[in-house]
Engineer: 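A single structure is presented below for examination.
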Amino acid sequence: MSGLYWPVFIFTIVFVFIALMVYRVLKIIKMPVHLRWELAPIPHDKERYSHGGSYLEEHEWWRRKQPKAFFPIITYMAWEIFLMKGVWQHNRGLWPFSFTLHWGIYLVILSLFFHFINAMLLIGSVPAAVQDVFFSIASVVAVTGYCVGLFGVVGLILKRYLDKNYREYSSYSTYFKLLFLAAIFVSGIVAWALSNDFANALGVFTRDLFTVDSGITTTAAMGSHIIIIFLFILYLPFTDMVHFITKFFTHHSVRWDDSPQNEKMTAKLRDLINQPVTWSAPHVKSNRGNRWGDIVEKEND
Amino acid sequence: MTKKKKLTLNDISRNAEKRLTEINIDELIPLPPPYDKSEELPGIKPLTDDQKTRLVDNLDGFNALVLLKPQSKEEEDKFVRQFEAGLKKLLNKGDNWTFLQPLLLSLEHCVRCQTCSDACPVYVASGKQEIYRPTYRAEIFRRLINKFAKPGGKWLAKLKGADIKLNWATISRLYELAYRCTLCRRCAQTCPIGVDNGLITRELRKLFSQELGWAPKELHEKGTVLQLEVGSPTGLRPDVAKDNMEFIDEDFTESLGIKIKTNWDKQGADVLLLHSAGDILSFPESVIAFAIICDKAGISWTLSSDIPGYDGVNYGLFYDDIQLAKVATRHAQIAKKLKVKKIVMGECGHEHKALATVADRLLTGDLNIPRESFITFFEDIVFSGKIKFDPSKNNFPVTLHDPCNIVRNLGIVEPQRRILRYLCPQFREMIPHGVDNQCCGGGGGLSVMSDVNINDFKALIAGRMKLKQILEAFSDHPRPDVNKYLCAPCLNCKLQMRVIFDYYGVQEKSGIYIGGLAELIVNAMVDLKKPFITWGEE
Ligand code: SF4
Ligand code: SF4
């Protein structure tokens, strides 16, 4: 691939990726308010989080507004995202592979960021010495990411295939996803090994991409690596790997959602209770269309 | 012994007549002596010949649901079609607004990392039988939803290699399997993604109940339906409940030498006490202890004799949103009618969860009456100085069971401990405790289910981790010569402990007695001349 195909290919994928992610997130956000289903411990309860307590530990808790702390939530998520704390605590055998795979991905993402910086440095014609420093950082970050990630993904593939606790729960799509990730790391290592100035070449490529230079070109190895990365980005919104975003909702919108009913919610709830129900069991008495609220209240007349 | 074949997900839909697995008591995790000899236990009660002919028995040899064998292939197919329709309704905003978001988040984001498995008391206690793994049931359900309730599901299931057949074998087994989970949510707590296999199980139960009309009779017919009709799943009608309480009041007045009188239907009282009626029948000392504490603290309180105002249980929480909403709404209407300032939820864990949090978004307007746990209510009284205590009266070993619905689900952890640390000099914790507690094994409605041989499952497997940690907490006094008190402030937990204790003979072999928190508070009162806790003596 050469010339304008590159920007078209890459920017289209980025656009589609963002659109799909926005769609997935909106789909979650627009779901109706649900019944409370919180689970202790809840980090925003700063005073009681250390023992797993909630505001319900307070005598007549409704008499004062219950503050929600922000910082403990960030700390909780940071431990989870960067150290895989939950897996460390409850699934030590998986942790080395899960941890390295995630860090492999983080480092590859970070290296993309550095390639972008390098492209800006090239456009800005900053002194070569400064550029060299950034090229070196980008190389180290990328190659470390490839190696660490490859270790993790190979470990996970083997674990899933060889360990009876995982094998039954791993479908073709599970292996496909892992092999796809492995392809990113392997193609990255190959591109790096076959290139004299890996980060420099990627910096130049990124510059040409952003300046939509029709002369944009790259080697076969590097090109394959880039194509695999972007195809993966296109594939990602269709997988459970979107948990990097949806984890926010599983925690904030369910596990930690202990907000008592408020006026805004009441209005929404009144609408929901007015919806028709179609459940068929005799005790529901829906008659394929009675309203939720009526069904509940009729019984109590 | 022949080695068991590894169970696969697809096995669920094969050989509808055959059991999916057989449970061997020797494969369960060991218990400390003297409970370590499986040959001395009653074992698993086999199904009678009549039960074998009539009932579906294709899961694990236990039977909770008494599901009758269908009479024809057409009948089987009808149920399968209904199940498929129910799968779609679970994803429909109108039908399932109540839990749509949590359900979809849990269905769509599990990465099958199995981090949750070892947190499950049922799975671990069983010696890690695949069938009880939290993800076994959830993954089958997920694959069925993906295949039958989502666009393009059928070919995507094949493409992804995640195809599951939907047939009579699948649904009949899933139904019974949905009641091998106590909804304790230990698994959910450990999931790094935030997936909740307990919720998935409850949604599965809900599908069966709300679409097929299948639910355990103890929870539905003799549970919520009876409660809404006559007042209580125990069958206690209002006048009988009042008569019983009158008799109990007199009995305790006589034995304790202080006047005890239950208040009924007192308009404008500060507090409506919402006990479980099961306490009136099985643990009357708990109800009396509440009355004594409230009277001594000068609280204006009342019980309600409206249907079902004297029974705070709400089994809808375990299996059916509509029934849950009906019962919770009724409780709130009664409080409103009595014009009380607040409802105090008694020693019943699932009542707490149903009324305090889950129903918070069902009770709108003036039905949203303030609701408080008996635990914070008691803490306020105990440390208010209104009552004088002598903790030396409670100088015996005491440990605390944390009901999942009060602790893990509501986050009420410390107030009960502050009371126990103050009033019980020999209080000791179980390990683990608080929000990491082990479930009693009777959660999710199991504690009130007793058909066929499900009690054997509850004693042998579901409650095994609990029994182990109770025994370990009292390991300094393993013999029955020292009376020990297991404080389990929840009726369902107490009932389940009774099942376990009876099965193993724990009271006789280890001298452990089950009771609530209120009894310990009353037992330590200076004003009370006679001991309130009588260790099984009348
Ligand atoms: S429920 Fe959570 S912990 Fe369990 S397998 Fe799925 S992602 Fe892993
Ligand atoms: S909710 Fe409890 S019993 Fe059910 S699968 Fe999870 S850990 Fe096991």
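Values reported hereafter were calculated over all heavy atoms of this structure, with side chains retained and with hydrogens, waters and symmetry mates removed. In what follows, chains are A, B, ... by sequence order, proteins preceding strands, each numbered from 1.
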Engineer: Salt bridge or not for R408(B) and E38(A), using N-O below 4.0 Å?
Structural biologist: no

Engineer: Given heavy-atom pairs under 4.5 angstrom as the criterion, report whether the side chain, backbone, both or neither of F208(B) touches chain A.
Structural biologist: neither

Engineer: Please report the closest heavy-atom contact between L56(A) and T376(B), naming both atoms and the distance.
Structural biologist: O-CG2, 3.4 Å

Engineer: For E379(B), which atoms come within 4.5 Å of any heavy atom of chain A: side chain, backbone, both, or neither?
Structural biologist: side chain

Engineer: Counting C-beta onward and ignoring hydrogens, is there a side-chain heavy-atom pair between L269(A) and R361(B) closer than 4.5 Å?
Structural biologist: yes

Engineer: For H251(A), is it the side chain, the backbone, both, or neither that has a heavy atom closer than 4.5 Å to a heavy atom of chain B?
Structural biologist: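 For H251(A), the side chain is the part near chain B, not the backbone.
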
Engineer: Under 4.5 Å heavy-atom distance to chain A, tell me which part of K93(B) shows up: side chain, backbone, both or neither.
Structural biologist: both

Engineer: For E139(B), is it the side chain, the backbone, both or neither that has a heavy atom under 4.5 Å from a heavy atom of chain A?
Structural biologist: side chain

Engineer: Please classify the contact between R167(A) and chain B as side chain, backbone, both or neither, with a heavy-atom cut-off of under 4.5 Å.
Structural biologist: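 Looking at R167(A), nothing touches chain B.
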
Engineer: Could you check if a side-chain atom of H109(B) sits within less than 4.5 angstrom of a side-chain atom of V242(A), using non-hydrogen atoms only?
Structural biologist: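 With C-beta onward as the side chain, the pair touches.
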
Engineer: By a 4.5 Å heavy-atom criterion (distance strictly below it), what part of N10(B) contacts chain A: side chain, backbone, both, or neither?
Structural biologist: backbone

Engineer: Among residues 255-265 of chain A, which ones touch chain B with a heavy-atom distance under 4.5 Å?
Structural biologist: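 Near chain B, by residue number: R255(A), D257(A), S259(A), P260(A), Q261(A), M265(A).
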
Engineer: With a 4.5 angstrom heavy-atom cut-off, could you sort out which part of R270(A) is near chain B: side chain, backbone, both or neither?
Structural biologist: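 The side chain, not the backbone.
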
Engineer: Measure the spacing between CD of E168(A) and CZ of R112(B) and express it to the nearest 0.5 Å.
Structural biologist: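 Taking CD in E168(A) and CZ in R112(B), the distance rounds to 12.0 Å.
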
Engineer: Hey, does N165(A) have a side-chain heavy atom less than 4.5 Å from the side chain of S117(B)?
Structural biologist: no

Engineer: For the residue pair T250(A) and S106(B), establish whether any side-chain heavy-atom pair is separated by less than 4.5 Å.
Structural biologist: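 The answer is no; the side chains never approach within 4.5 Å.
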
Engineer: Could you tell me which portion of E58(A) (side chain, backbone, both or neither) has an atom closer than 4.5 angstrom to a non-hydrogen atom of chain B?
Structural biologist: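 Just the backbone, heavy atoms under 4.5 Å.
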
Engineer: For W37(A), is it the side chain, the backbone, both, or neither that has a heavy atom closer than 4.5 Å to a heavy atom of chain B?
Structural biologist: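 Its backbone and side chain both get close to chain B.
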
Engineer: Side chain from CB out, backbone as N, CA, C, O: work out which of these in E57(A) comes under 4.5 Å of a heavy atom of chain B, or both, or neither.
Structural biologist: both

Engineer: Go through the atoms of C110(B) and report whether side chain, backbone, both or neither lie under 4.5 Å from a heavy atom of chain A.
Structural biologist: backbone

Engineer: With distance as the sole criterion, is a donor-acceptor pair present between the side chains of K160(B) and T174(A) under 3.5 Å?
Structural biologist: no

Engineer: May I ask you to decide whether E414(B) forms a salt bridge with R48(A), counting only side-chain N to carboxylate O separations under 4.0 Å?
Structural biologist: no

Engineer: Would you give the length of the straight line joining atom NZ of K164(A) to atom CG of L7(B), rounded to the nearest 0.5 angstrom?
Structural biologist: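 With rounding to 0.5 Å, NZ (K164(A)) is 11.5 Å from CG (L7(B)).
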
